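Presented below is the structure to which this report refers.
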Amino acid sequence: MGRQLTSNKRKRTISILSHWTLRYFLILCIGFSIIAASALYWIRTTSIEKSLKTAELLGWEIADRVTVKGNQLWVPPDLNTIVSSREKLFNTDHYFCVMVLDNNNKLIFSQPKMKQEDVHYRLSDDYLEPRNSKYAGVTVDITDGNQTLGKVWVMQSKQSITFSPETIGFVALIFGGLILCGWFTIYLLSRKLSRPIRQVAYAAEQIRGGNYEVSLDIDTREREINELVVSFGDMAARLRQLEEWRTLSLAGVSHELKTPVTSIKGLVMAVRDDVVSPQEGKEFLDIALKESERMERMIADLLDYNAMTAGSVAVRKERTDLKLLVGEILYQWKIAYEDQMPEVQLQTPPDSLYVIGDALRIQQIVVNLLNNGLHATAPGQQARFHIILHADERLLHVDVQDNGTGISIEDQPNIFERFYRGELKKRRNRGLGLGLTYSRLLAQEQGGELTLVSSSPEGSTFRLSLPRWVTQPEVLTSEKTYRAPVKA
């Protein structure tokens, strides 16, 4: 039971608008909550400090008004009025009180009125600090010269001097407004960004369903979104073109393969049924053999292309003398087409030219270019080729010039596309339109490139560029030798 069970349950998804709006709203709430807590803590600390300083000033004023008579503290009669008027400076509650104690901690004066046991309830056992941590207070000594005669206590609850309802409401209003403004801004931005993405997603769904006639009417100032829309539109047009080419290519491949099969079948049946004479029968068999060879080449092209696109074609990289290799290729090719007597001129520099590539694959590319030039030659005209080898700092180039009828301007951008064949080539020669595509792939696998340099009714020039060999320890140094090149 070596199988591993996997769940087919789809992951729950939500829209971009909901996802990012909710996420940023939570981030705003958390961030502003932290800021609000910090602000409230700062307000509380500052309020306590300011209130205690104000209470200390009140304590100093009371201490200055208390005098000594007969070694006892004497409180002026109007002290209650003074304290009541000063209470307006404080956010007082029923915990606010002012106490005057002598050196024996005996209550002399209090506002509001209290008893001695109330003092013990409000102050610690040593009368040095409030008994309850919820209260805050300051003490000011009553002195006569250098002698301390007593102390003044001003106490109030921390709650009354920190957060008033108005303060809390104001802070809540500010941060609530900031959160709503931030959420609304994020909502608008997310909506603006999600709208073109939704349209692109819908267009992609249409393309997946086989409808390539999609249009994206999106007008936005964001450069990235514009680039996405433009690229998607180009991709849709490209897919539509490739789909049309695929349909036409399949029809063309079927037709090109069916034609020689039908021809071979008719010729063989004519010979079998003795419809023709023995001499004509031999000619029919020769024609059938040529048709079978042509069909074999088309199938080989198709198999080679499929193998290359699947990555199963091995391309070697060897140090190779390009002058000798091209000379050997031209020598063998001229022998194969000796009946058509093509004229070939080879122009090379005096120095040796070494490339890093696969000699067999280079031969396939050059032979394919020569065959294409031979097929492009007008009927009754002798095929002429001019092969030029030249170099720059990094690459070596092989230019193949022919005197064929050329490639139309409309066909030139598409000649390296798979299964593409121009109208003139369709009428003149049968094939699958894979030769140039396969040749370019072979060149690219060797680190080079195959390009069309120029084309006119007087002929075409293709350029094969390959990386130049440089002296490096890691480069393979196996060098192949060839027969003498074709003479210019």
Side-chain angles (χ1 to χ4, degrees), residues 33 36-174:
S33 298
S38 302
L40 290 175
Y41 176 78
W42 177 80
I43 292 174
R44 179 178 182 271
T45 304
T46 305
S47 298
I48 292 176
E49 291 178 355
K50 290 183 178 180
S51 180
L52 291 178
K53 289 181 178 179
T54 305
E56 188 177 7
L57 292 176
L58 177 60
W60 280 111
E61 183 180 2
I62 295 173
D64 290 339
R65 291 180 180 272
V66 176
T67 60
V68 180
K69 288 185 178 182
N71 293 327
Q72 290 185 350
L73 295 178
W74 180 80
V75 179
D78 61 345
L79 188 58
N80 283 329
T81 304
I82 295 173
V83 172
S84 298
S85 64
R86 301 297 186 268
E87 285 183 2
K88 298 178 181 179
L89 300 174
F90 301 89
N91 183 25
T92 60
D93 55 12
H94 63 281
Y95 293 106
F96 179 82
C97 69
V98 176
M99 298 179 293
V100 179
L101 306 178
D102 60 11
N103 280 337
N104 296 322
N105 295 317
K106 182 180 177 180
L107 181 64
I108 305 299
F109 171 84
S110 66
Q111 176 76 9
K113 294 296 183 180
M114 292 187 299
K115 298 179 180 180
Q116 185 65 37
E117 54 266 24
D118 294 331
V119 176
H120 178 74
Y121 172 77
R122 290 182 179 266
L123 297 178
S124 62
D125 294 338
D126 56 3
Y127 296 91
L128 296 178
E129 60 183 10
R131 183 176 294 275
N132 195 326
S133 60
K134 294 181 180 179
Y135 308 135
V138 294
T139 178
V140 178
D141 293 336
I142 302 174
T143 60
D144 183 13
N146 295 328
Q147 185 180 4
T148 301
L149 302 178
K151 62 183 68 175
V152 178
W153 269 99
V154 181
M155 296 183 60
Q156 53 192 327
S157 65
K158 292 181 179 179
Q159 183 178 1
S160 66
I161 62 177
T162 52
F163 303 124
S164 64
E166 294 79 7
T167 301
I168 296 176
F170 181 71
V171 172
L173 180 63
I174 290 178

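Note that the coordinates shown come from a computational prediction; the quantities given were computed from them, not determined experimentally. Reckoned from all heavy atoms, side chains included, excluding hydrogens, waters and symmetry mates.
Scanning for side-chain contact (heavy atoms from CB on, under 4.5 Å) contacts around Trp74 gives Thr67, Lys69, Pro76, Pro77, with sequence neighbours left out. Partners of Tyr135 according to the ring-ring contact (aromatic ring centres under 6.0 Å, His included) rule, which considers only residues two or more places apart in sequence or in another chain, are Tyr95. Residues passing the side-chain contact (heavy atoms from CB on, under 4.5 Å) test with Lys106, sequence neighbours excluded: Asp102, Gln116. In terms of the side-chain contact (heavy atoms from CB on, under 4.5 Å) criterion, residue partners of Val138 (sequence neighbours excluded) are, by chain and number, Leu52, Ala55, Glu56, Val154. Scored by the side chain to side chain donor-acceptor pair (under 3.5 Å) test, Ser33 finds no partners at all (sequence neighbours excluded). Under the side chain to side chain donor-acceptor pair (under 3.5 Å) criterion, Ser124 pairs with Asp126, not counting sequence neighbours. Applying the side-chain contact (heavy atoms from CB on, under 4.5 Å) rule to Lys53 yields no partners; only residues at least two apart in sequence or on another chain are considered. The salt bridge (Lys or Arg N to Asp or Glu O under 4.0 Å) test applied to Asp125 returns Arg131, not counting sequence neighbours.
The minimum heavy-atom distance between Gly137 and Pro130, with the atom names listed, is N-CG, 4.1 Å. Tyr127 and Trp153 make their closest contact through O-CZ2, 3.5 Å (heavy atoms, listed as atom of the first residue, atom of the second, distance). Of all non-hydrogen atoms in Asn80 and Gln111, the two that sit nearest each other are OD1-OE1, 3.0 Å.
For residues 57-66, every residue pair satisfying the salt bridge (charged side-chain N to carboxylate O under 4.0 Å, His left out) rule, not counting sequence neighbours, is listed here: Glu61-Arg65, Glu61-Arg86. Pairs of residues two or more places apart, or lying in two chains, never qualify as ring pair (Phe, Tyr, Trp, His ring centres under 6.0 Å) while including a residue from residues 99-124.
Using a 4.5 Å cut-off on side-chain heavy atoms (C-beta onward), Leu107 and Glu117 make no contact.
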Could you go through the side chain to side chain contact (heavy atoms under 4.5 Å, CB included) check for Val140 and Ile62 one step at a time? CA-CA 9 Å; Val140 178; Ile62 295 173; over 6 Å; no
Kindly determine whether Leu73 and Leu149 satisfy side chain to side chain contact (heavy atoms under 4.5 Å, CB included), including the steps that lead there. CA-CA 7 Å; Leu73 295 178; Leu149 302 178; 3.7 Å; yes
Is there a side chain to side chain contact (heavy atoms under 4.5 Å, CB included) between Thr139 and Met99? Walk through the geometry before answering. CA-CA 9 Å; Thr139 178; Met99 298 179 293; over 6 Å; no
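Put simply, CD1 on Ile142 and CD1 on Ile108 are 8.5 Å apart, with the number rounded to the nearest 0.5 Å. To the nearest 0.5 Å, atom CG of residue Leu101 and atom CG of residue Leu123 are 6.5 Å apart.
With hydrogens and angles ignored, the 3.5 Å screen pairs a side-chain donor or acceptor of Ser110 with a backbone N or O of Pro112.
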